[in-house]
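This report concerns only the one structure given below.
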Amino acid sequence: MNPFEKLGRSAQRLKHKAVGPSDDDVVYVCKDCEAQFTEESPECPSCESTDIVAVEP
Ligand SMILES: [Zn+2]
């Protein structure tokens, strides 16, 4: 088996993965005030509650 062929194949797979959707549109919702925000934060930016759920598309 040609080792270069194997290397090229894994590099191609990596490239393919990089092409996929990179921006994950996870929305964080505060369970206390129902504020929605997209920045990952340990607490709600509007009421500072830590009761936050991540909603994936
Ligand atoms: Zn809140």
Side-chain angles (χ1 to χ4, degrees):
M1 198 200 268
N2 184 350
F4 289 105
E5 191 181 324
K6 201 177 177 184
L7 223 155
R9 222 178 261 178
S10 57
Q12 207 168 42
R13 198 187 288 172
L14 270 169
K15 199 177 175 184
H16 183 75
K17 201 178 178 184
V19 165
S22 54
D23 55 321
D24 37 350
D25 292 303
V26 179
V27 176
Y28 300 92
V29 181
C30 172
K31 284 173 106 178
D32 278 2
C33 72
E34 293 181 12
Q36 292 184 11
F37 44 101
T38 51
E39 273 178 52
E40 188 173 7
S41 168
E43 51 186 44
C44 173
S46 77
C47 76
E48 297 182 340
S49 165
T50 51
D51 218 354
I52 288 159
V53 281
V55 182
E56 288 175 54

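Heavy-atom basis, side chains included; hydrogens, waters and symmetry copies ignored. Just so you know, ligand 1 is whichever comes first in the structure, and atom 1 is the first atom listed for that ligand.
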- Query: Please walk me through it: do Lys31 and Val53 pass side-chain contact (heavy atoms from CB on, under 4.5 Å)?
  - Reply: CA-CA 7 Å; Lys31 284 173 106 178; Val53 281; 3.8 Å; yes
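Interatomic distance, CD of Gln36 versus OG of Ser46, reported as 11.0 Å (0.5 Å rounding).
The minimum heavy-atom distance linking Ile52 with Ser41 is given by the pair CD1-O, 3.8 Å. A pairwise comparison of heavy atoms in Cys44 and Phe37 identifies CA-CZ, 4.0 Å as the closest pair.
For the Zn ion (ligand 1), protein N/O/S neighbours under 2.8 Å (waters excluded) are Cys30 SG, Cys33 SG, Cys44 SG, Cys47 SG.
Applying the side chain to side chain contact (heavy atoms under 4.5 Å, CB included) rule to Asp32 yields the partners Cys30, Cys47, Ser49, Asp51; only residues at least two apart in sequence or on another chain are considered.
Crowding of Glu43 atom CD: a count of heavy atoms from other residues, nucleotides or ligands under 6.0 Å exceeding 12.
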